[in-house]
Each structure stands twice: as C-alpha cells, then as structure tokens.
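Worksheet: the structure to be examined is printed underneath.
Computed from heavy atoms alone, side chains included, the values below leave out hydrogens, waters and symmetry copies. Numbers here are sequence positions counted from 1.
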Amino acid sequence: MRVVVHGNVYGLVALSIILAHFGLGWGQHDEAASMQTWAFHGMRRSGNHVVLNWSGLTESAFFMNDILQREQVPALLGDPFPTKAFLHWFPRVCARRYVRRMLRKTGWKLLTRGLCVSLEDWPIDKPIFTPWPRRCQHILLLRDPLNMFASRIRMSNGMHVLYGKDRAGEYFQNSIELWKSHAREFLGHTHLLPGHVGVYYDRWVVDAAYRAAIAARLRLVPDEGALNRVAVEGGGSSFEGLSPLGEDAIARRLSRHSQLYDREQKLLARVTDDAELMQLREQVLEHVSGMAERQVA
C-alpha cells in the first residue's frame, strides 16, 4: 500500500505512528499492543453529539465525526456500497488536508486513548469495514422512534427531502427500516456489532444510574455537564436550534412527537402505522424498563 501525503512533517510523523500501531492490530500479534478503536453508531437526530460529548471520547480520543459522509445517503437508499478494509481506508483518509490538520493538533491522542469514529444513518446489516480493528468497541445509540422521526421531519423542512431529494419517499421508508434494524441489534435479535454496548437515549437523558452503568462498562470518565450544554454539531435541536436549554429541556426532548404541526403529523403517521416498528418499540421499552439489575443493554 502506498500513501502519498503532503504537508507538515508532524502530520507525516503522526501518520507513521498510526500505521505502526494499527498494523499491530491484525494477524498473530499481541492484541494488547493494538490501538483501541471506538465505533459509535446512531441515526441522525438521536442525540449522537450530546452522548458523544458526555462520553468524553470527543476530547480524550482522536475523534472523527460522521465518517463516510459522501457514501452515507446512497447506502441508505440501497445503492451498492463497496465494503472497505479499515486498515486501508484509515491511512488514506489521513492523507486528506483537513485530517492532516487534525493530526498536527491532536494526533498524539491516538497513542494515549485511541481513535473514535461516529457513523450516522449507516445500514448495520451491510458490512462497512472488513475487518474492523481487533480492539474495536461498538456503541449503538437508539432513540424512541416517535421523537427521533419527529426531529427528522422538522429538520430543514424534512431530512428526507434535504438528503433524499427526488428519492425523498424512499429515503423516509428506508430510514424506518434502518431504525428497525438498529432496534433488533439493540434487543439482541441480531449480532451485527459484536460486543456492542447499547445506549437508549430516552433513558440515558433522565437516569443518572443508567449513565453511570454505561460509563463503567465502557471504562469512561463521563462529562455530566454535557447534558446541560447544547451540542453545536449538526446545528443543535431541530426544534430550537442553539437556543439555551431551559428548565423543561428534558421534557421537551421526550415529547417531540407532540410538537409537530398537522402536516408534519401526517408524515409521522407513516412511522406509527408501521406495525413491526411499533412492536419493536414496545419490546425496546420493555427491555429498557426491565434493566434494574443489569443496567446496560
């Protein structure tokens, strides 16, 4: 493999370190010597950024947000997607100018904490990387579909229109199917993200004990203050933008479906009319409510 990189020598040094350490993660080498990778999976408008900021990984690890953006929409629409080898993809993305700038500033975090990548709206039933790094911790974020789709419907007059364009209807329907596949994985019906830690946003935002259990399982030192800050990534809330949260912020977040206009409610009806989705939603709610002894999905 040949990677051509131009720019600051510190970027070259950082890239050399990355290649050396990731190379230890494959083959017959000692697993303890390979670099830790965190893969955060979640649908857009699920609270991805506030949960990531809470985890501390956006600060402690080398963080790459919403990777594979160009391929994401075609993949969700069902267009062919070529599976990538992570070991080949990562050095190539490091050759891009904006990543080189990141490496010069915070590349040292790869050695102290590792790499954290987020994937938004990715079909988990289709392989993204083959193989993933050996020391890869998958995190799966799930939000109640009524509130999540309400936020997607409100965002920019409809996320399905913004991204799906002339295939908006297909985009919306495939998003419903994607939530269902995430829910099956969350419930353990499928095993597409081996060893994943599940995070149910609607409980996470209200239950400190649940958050503590997640942090303990992931061995993270969370930033609880993140819950009181508006995440600027993604433009903030679909309903309130970057406005201050206010005292009733949590109640508003958990009732987005009731804040839609009549014409928006008609779109949401496509979600509530999906019998399989609503059945999975009930199973998720039962699963989460029954986790008193085992706090983490």
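Donor-acceptor pairing under 3.5 Å is lacking for the side chains of D125 and S181. In this model, no donor atom of one side chain and acceptor atom of the other lie less than 3.5 Å apart for Q72 and W122. R184 and Q283 share no donor-acceptor pair across their side chains, judged by distance under 3.5 Å alone.
Of all heavy-atom pairs between D274 and Q173, the closest is OD2-NE2, 4.2 Å. Between M43 and S175, the shortest heavy-atom distance links the atoms CE-O, 3.4 Å. The two residues A61 and G114 make their nearest non-hydrogen contact at CB-O, 3.5 Å. Residues L57 and F63 share a closest heavy-atom pair of O-CB, 4.2 Å. Residues L68 and I128 share a closest heavy-atom pair of CD1-CG2, 3.6 Å. The two residues D223 and N53 have their closest heavy-atom pair at CB-O, 4.0 Å.
Note that CG of L119 and CD1 of I139 are 11.5 Å apart. Values are rounded to the nearest 0.5 Å. Note that the CG atom of D207 and the CG atom of D202 stand 12.0 Å from one another [nearest 0.5 Å]. Once rounded to the nearest 0.5 Å, the distance linking CD1 of I124 with CG of L193 reads 5.0 Å. With values rounded to the nearest 0.5 angstrom, L76 atom CG is found 9.0 Å from E170 atom CD. Once rounded to the nearest 0.5 Å, the distance linking CG of L115 with CG of L110 reads 6.0 Å. How far CZ of R44 is from CD of E120: 4.5 Å, rounded to the nearest 0.5 Å.
The pair D79-R167 meets the salt-bridge criterion, with a side-chain N (NZ, NE, NH1 or NH2) lying under 4.0 Å from an Asp/Glu carboxylate O.
Linking Ile, Leu, Val, Met, Phe, Trp and Tyr residues whenever their side-chain heavy atoms come within less than 4.5 Å leaves V51 and V221 in two separate clusters.
Under the 6.0 Å distance and 45° angle rule, R143 does not count as a cation-pi partner of F149.
No side-chain heavy atom of Y171 sits less than 4.5 Å from a side-chain heavy atom of K165. With contacts defined as side-chain heavy-atom distances shorter than 4.5 Å, the pair L52/S118 qualifies.
Classified by interplanar angle (parallel below 30°, tilted 30° to 60°, perpendicular above 60°), the ring pair F86/F129 is perpendicular. Note on ring orientation: taking the six-membered ring where Trp is involved, the planes of H138 and H41 are tilted (angle from 30° to 60°).
H287 has its ring centre less than 6.0 Å from the ring centre of F186. You'll find the ring centres of H160 and F172 inside the 6.0 Å limit. Aromatic ring centres of W38 and F62: separated by at least 6.0 Å.
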### Message
Could you walk me through whether Y210 and W204 satisfy the ring-ring contact (aromatic ring centres under 6.0 Å, His included) test, starting with their C-alpha distance in whole Å, then the side-chain angles of each, then the deciding distance to 0.1 Å, before giving a yes or no?
### Response
CA-CA 6 Å; Y210 181 65; W204 172 89; 8.8 Å; no
